[in-house]
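Reminder, nothing fancy here: chain letters follow the sequence lines and each chain counts from 1. These values consider heavy atoms only, across backbone and side chains, with no hydrogens, waters or symmetry-generated copies.
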2 protein chains.
Amino acid sequence: MTKRKALDSLEPVAANGLLHRRLFLTGSAAALASAPFLTVQAAPPDVPAWMKTPGLPLRVYGERSPREVGVQRLVGAQPGTTGSGSSRTPIEALEGIITPSSLHFERHHSGVPDIDPDQHRVLLHGLVERPLIFSMDALARYPMVSRIQFLECSGNSGGNNGAEAPQQTAGGIHGLLSCSDWTGVPLAILLEEAGVKPEGKWLLAEGADAAAMSRSVPMAKAMDDAVLAIYQNGERIRPEQGYPVRLFLPGYEGNMNVKWLRRIKVTATPTMTKDETSKYSDLLPSGRALLFTFPMDVKSVITAPSGLQKMQGPGLYQISGVAWSGFGRIRRVEVSADGGKTWGQAALDGPILPKAFTRFRMPWRWNNSPSVLQSRAIDESGAVQPTRTALLAERGTQYRYHYHAIQSWSVAAAGEVSNVYA
Amino acid sequence: MTKRKALDSLEPVAANGLLHRRLFLTGSAAALASAPFLTVQAAPPDVPAWMKTPGLPLRVYGERSPREVGVQRLVGAQPGTTGSGSSRTPIEALEGIITPSSLHFERHHSGVPDIDPDQHRVLLHGLVERPLIFSMDALARYPMVSRIQFLECSGNSGGNNGAEAPQQTAGGIHGLLSCSDWTGVPLAILLEEAGVKPEGKWLLAEGADAAAMSRSVPMAKAMDDAVLAIYQNGERIRPEQGYPVRLFLPGYEGNMNVKWLRRIKVTATPTMTKDETSKYSDLLPSGRALLFTFPMDVKSVITAPSGLQKMQGPGLYQISGVAWSGFGRIRRVEVSADGGKTWGQAALDGPILPKAFTRFRMPWRWNNSPSVLQSRAIDESGAVQPTRTALLAERGTQYRYHYHAIQSWSVAAAGEVSNVYA
């Protein structure tokens, strides 16, 4: 039914072993090239022990295999606090575009409140004609919308701003980053009902945690695609993601997506809360500071192979990673195996959604030689992910947030993968 | 900034309170109508107890709120067996298009094997030029693809075939149904590598459970979009879904998507295994039986409001549900509030993906009168979900699988929702 093609028919598209992405374009068997990735074992396997006895019973709520419990968030708690700090998603162990809710990154300013949804209320007040208070039952009556979208902390990847390249996993460096199917009530509907006064140009969003985490949000964003998210990946939102309700601002830096949302106040100007003056502002080399740098820039990272992993020996590999942009859809991802000298175009798994992860893949024949892998994303606005050198030249080393430069992974001759500045 | 519109400006699109879907078309604030769904409380809430003390610490692997543990799969174990039977997804408690892996439905024929992935092998043999054996490490080297796709048991909704309408939740009736982000190796690539002989037109897929669950799969499907799925919703596939690897055949009836996959044998004809002769064949009124009815038909179900739920009183509601088809994308979903006499078009949340859940929504103003809610899906092939009367007239009452008729939910004057044949 099918005809084998020689391995050598795979077409190189860039230096040092990068092959044409058609290897990943399925749907047409004729387009697939034969790819002997491994040595075949001599003997078929025995009937395993687990086929000789009935298995485990049905369960009301499943768990992952006990053999996978090593896949964990990397917790960094702030000393002397209770529940403050962050935990990072192990993106190097994951695939596809959905982050499991149990592994979604966290960033808390005073821990995770244990909220009774029956008592929780959301207050909408300020420059409105008619202040409103919503119970969770009331919110659940409103029209909702479901969308798959990423969330990224503005401080993500900041370790790469330092003088020495941190030797960590992809998640350790870039794991303040996740993507979920969010369902919620469009904020525009609630604002319409309350009746925003003409002078209402901003709003204050406040969380019900002990830090009363608060940020100012432009009215245009609130009326565009903001939602009060109640569901995450199908089920009610998780406690560490804002149970029972969070503000979700697609593409905007993580901390503005206020968790445990209890209050929205319509204002004429930004409120200048502690959270937006003490943090999340960016000092430029000129001494000027940028405030309110909301959308997250176009970015990508190769998750396999990546930091602290080890290659299994020479041969064909799949390079896999994720790309995203707070400005819309990913248009293209390019991959280099020679530190950025030559580039080939990666295959993208559909659907390519706005402000969501896009999974990219690239076939690579590694010949045991030292190599530097990079990925570079371009979004539909035409923005191109910059090199680290270009980003630092523009922003200096005091710019703490929105680091989105190209990640370079060094592959040593013996197969070890490490973080390098290239 | 915005102008309130009167509730009465909402445009009816069908009888008994169905309103125009533009209420759900966000992105343009001007298109949103004011929707006072609730009575506003008089006093703002006090500062709650959980804001007065630091919250809970960061965790390496999250769990849902303890207040949500009542959302469970409905387990139906077969008496006298260990781990045989099914459990149903509580679709009435979920939103969006992703089913949480912990709530994905199960159907096992001899329980869930506890498989060591380091020992697990997949054998590819039969009518091939070169038999292959894959370890999990070897499989992970191959090109992969990620896709969001539904899985439905061929016996799903079969309870509605009986003489009396079963009084259960939406999940209790239709919950052998889930949708995930699946990532796996295209089977076509492995078959290309093995070299299928010209006479190889089918394959046998066998699981590593104690039942050695086995089904025959046409070669055309294997070469089209079949994958060996290794990841589910980002993480490694769950034990009850086939850890460490399952066959995934997009749109095909659930049992063919063989879990714990250990063997693929290329054959000239179907193998006629016990699992495809004792079950999963359909007796027609003429006495003729249909075998190998693989794709699942176009179908939809309203999940809210649905069976055993209760309305909170008259007023505006969101009708929400899911539609899907094994033949491709959903083109349109229509909703009726008068038992099928008049229909209005529902809003669809994007992306509309082939062989995946599509979430639909419809605004409804309920005036306390007895009503019958229905949804009717149409897919891109033009297939229309049939009425129960039409389906039974064609198939008779002995046809046990592929029940996909329109679901009717009765809403009583006092608000109780129940299953009816309408």
A.B. asks: Out of Y231(B), W182(B), W260(B), return the one with the most heavy atom pairs under 4.5 angstrom to chain A.
C.D. replies: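 The option with the most such pairs is Y231(B).
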
A.B. asks: Keeping the roles fixed (side chain from T99(A), backbone from S178(A)), state whether a donor-acceptor pair exists under 3.5 Å.
C.D. replies: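 No, the answer is negative, given that no donor and acceptor are paired below the 3.5 Å cut-off.
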
A.B. asks: Do you know which of I115(B), L94(B), V71(B) has the most heavy-atom pairs under 4.5 Å to chain A?
C.D. replies: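 Option with the top pair count is I115(B).
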
A.B. asks: Between K197(A) and E129(A), does any side-chain N to carboxylate O distance fall below 4.0 Å?
C.D. replies: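 The answer is no: the pair does not qualify as a salt bridge.
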
A.B. asks: Under 4.5 Å from any heavy atom of chain B, what part of D114(A) do you find: side chain, backbone, both or neither?
C.D. replies: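 For D114(A), heavy atoms of backbone and side chain both lie under 4.5 Å from chain B.
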
A.B. asks: Short question: side chain of R147(B), backbone of L353(B) - any donor-acceptor pair under 3.5 Å?
C.D. replies: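 No, because the side chain of R147(B) does not come within donor-acceptor range (under 3.5 Å) of the backbone of L353(B).
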
A.B. asks: Please examine the side chains of I148(A) and C179(A), heavy atoms only from C-beta on, and report whether any two atoms are closer than 4.5 Å.
C.D. replies: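 Side chain of C179(A) against side chain of I148(A), heavy atoms only: contact under 4.5 Å found.
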
A.B. asks: Side chain, backbone, both or neither: which part of S86(B) has a heavy atom under 4.5 Å from chain A?
C.D. replies: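 Answer is backbone: N, CA, C or O of S86(B) sit under 4.5 Å from chain A.
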
A.B. asks: Begin with the C-alpha distance, continue with both residues' side-chain angles, and end with the deciding distance and a verdict on side-chain contact (heavy atoms from CB on, under 4.5 Å) for V266(A) and L191(A).
C.D. replies: CA-CA 9 Å; V266(A) 178; L191(A) 290 168; 4.0 Å; yes

A.B. asks: Tabulate, in ascending numerical order, the residues of residues 106-113 of chain B having at least one heavy atom closer than 4.5 Å to a heavy atom of chain A, or enter 'none'.
C.D. replies: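 E106(B), H108(B), S110(B), G111(B), V112(B), P113(B) fall under the 4.5 Å cut-off.
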
A.B. asks: By a 4.5 Å heavy-atom criterion (distance strictly below it), what part of S146(B) contacts chain A: side chain, backbone, both, or neither?
C.D. replies: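 For S146(B), heavy atoms of backbone and side chain both lie under 4.5 Å from chain A.
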
A.B. asks: Name the region of A93(B), side chain, backbone, both or neither, that has any atom closer than 4.5 Å to a heavy atom of chain A.
C.D. replies: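 The answer is the backbone of A93(B).
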
A.B. asks: Classify the side-chain pair R73(A)/T89(A) by whether it contains a donor and acceptor separated by less than 3.5 Å.
C.D. replies: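 Their side chains do not contain a donor-acceptor pair, so the 3.5 Å distance test is not met.
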
A.B. asks: Just wondering, do S87(A) and L74(A) contact through their side chains at under 4.5 Å, heavy atoms?
C.D. replies: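 In short, these two side chains do not touch, never coming nearer than 4.5 Å.
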
A.B. asks: Could you walk me through whether I133(B) and V122(B) pass the side-chain contact (heavy atoms from CB on, under 4.5 Å) test, one step at a time?
C.D. replies: CA-CA 6 Å; I133(B) 300 172; V122(B) 180; over 6 Å; no

A.B. asks: Is the shortest side-chain heavy-atom distance between V227(B) and V145(B) below 4.5 Å?
C.D. replies: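 A side-chain contact exists here, since the closest heavy-atom pair is under 4.5 Å.
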
A.B. asks: Would you confirm whether N233(B), through its side chain, and P100(A), through its main-chain N or O, come within 3.5 Å as a donor-acceptor pair?
C.D. replies: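 Answer holds: no.
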
A.B. asks: So what's closer than 4.5 Å to chain B heavy atoms on S102(A): side chain, backbone, both or neither?
C.D. replies: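 Interface part for S102(A): both.
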
A.B. asks: Let me know if R236(B) has heavy atoms under 4.5 Å from chain A in its side chain, its backbone, both or neither.
C.D. replies: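 Contact with chain A involves the side chain of R236(B) alone.
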
A.B. asks: Is S84(B) in contact with chain A via its backbone, its side chain, both, or neither, using a 4.5 Å heavy-atom distance?
C.D. replies: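 When you check distances to chain A, only backbone atoms of S84(B) fall under 4.5 Å.
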
A.B. asks: Using non-hydrogen atoms and a 4.5 Å limit, figure out which bit of T53(B) sits close to chain A: side chain, backbone, both or neither.
C.D. replies: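 Backbone only.
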
A.B. asks: Give, as side chain, backbone, both or neither, the part of I237(B) having an atom under 4.5 angstrom from any heavy atom of chain A.
C.D. replies: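 Neither the backbone nor the side chain of I237(B) comes within 4.5 Å of chain A.
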
A.B. asks: Counting heavy-atom pairs under 4.5 Å to chain A, which of R238(B), H120(B), R64(B), Q241(B) comes out on top?
C.D. replies: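 Ranked by contacts with chain A, first place is R64(B).
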
A.B. asks: Do you know which of P48(B), G55(B), G207(B) has the most heavy-atom pairs with chain A at a distance under 4.5 angstrom?
C.D. replies: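 Option with the greatest count: G55(B).
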
A.B. asks: Using non-hydrogen atoms and a 4.5 Å limit, figure out which bit of Y61(B) sits close to chain A: side chain, backbone, both or neither.
C.D. replies: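 Y61(B) touches chain A through backbone and side-chain heavy atoms alike.
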
A.B. asks: Picking from G96(B), P57(B), A208(B), which has the most non-hydrogen pairs under 4.5 angstrom with chain A?
C.D. replies: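 If we count pairs closer than 4.5 Å to chain A, A208(B) comes out on top.
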
A.B. asks: Look at D181(A), L58(A), D137(A) and state which one has the largest set of heavy-atom pairs under 4.5 Å with chain B.
C.D. replies: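 The residue among D181(A), L58(A), D137(A) with the greatest pair count is L58(A).
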
A.B. asks: Side chain from CB out, backbone as N, CA, C, O: work out which of these in E240(B) comes under 4.5 Å of a heavy atom of chain A, or both, or neither.
C.D. replies: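 Only the side chain of E240(B) comes within 4.5 Å of chain A.
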
A.B. asks: Counting heavy-atom pairs under 4.5 Å to chain A, which of K52(B), H104(B), Q312(B), Q232(B) comes out on top?
C.D. replies: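 Top count of heavy-atom pairs under 4.5 Å with chain A: Q312(B).
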
A.B. asks: Any side-chain to backbone donor/acceptor pair from S65(B) onto R67(B)? Under 3.5 Å, distance only.
C.D. replies: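 Side chain of S65(B) to backbone of R67(B), a donor-acceptor pair under 3.5 Å: yes, one is there.
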
A.B. asks: For residues I189(A) and P143(A), determine if any side-chain heavy atom of one lies less than 4.5 Å from a side-chain heavy atom of the other.
C.D. replies: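 In short, these two side chains touch, coming nearer than 4.5 Å.
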
A.B. asks: Is D349(B) close to I97(B) at the side-chain level, that is, under 4.5 Å between some pair of heavy atoms?
C.D. replies: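 No - every pair of side-chain heavy atoms lies 4.5 Å or more apart.
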
A.B. asks: Hey, is the main chain of M144(A) close enough, under 3.5 Å, to the side chain of Q318(B) for a donor-acceptor pair?
C.D. replies: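 Yes.
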
A.B. asks: Check step by step if side-chain contact (heavy atoms from CB on, under 4.5 Å) holds for L190(A) and L139(A).
C.D. replies: CA-CA 9 Å; L190(A) 307 181; L139(A) 271 183; 4.0 Å; yes

A.B. asks: So what's closer than 4.5 Å to chain A heavy atoms on D118(B): side chain, backbone, both or neither?
C.D. replies: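 Neither the backbone nor the side chain of D118(B) comes within 4.5 Å of chain A.
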
A.B. asks: Whether the side chain of R59(A) engages the backbone of V75(B) through a donor-acceptor N/O pair (distance < 3.5 Å, no angle test) should be reported.
C.D. replies: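 No; zero donor-acceptor contacts below 3.5 Å.
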
A.B. asks: May I ask you to name which of R263(A), R359(A), E95(A), Q72(A) has the most heavy-atom pairs under 4.5 Å with chain B?
C.D. replies: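 The answer is E95(A).
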
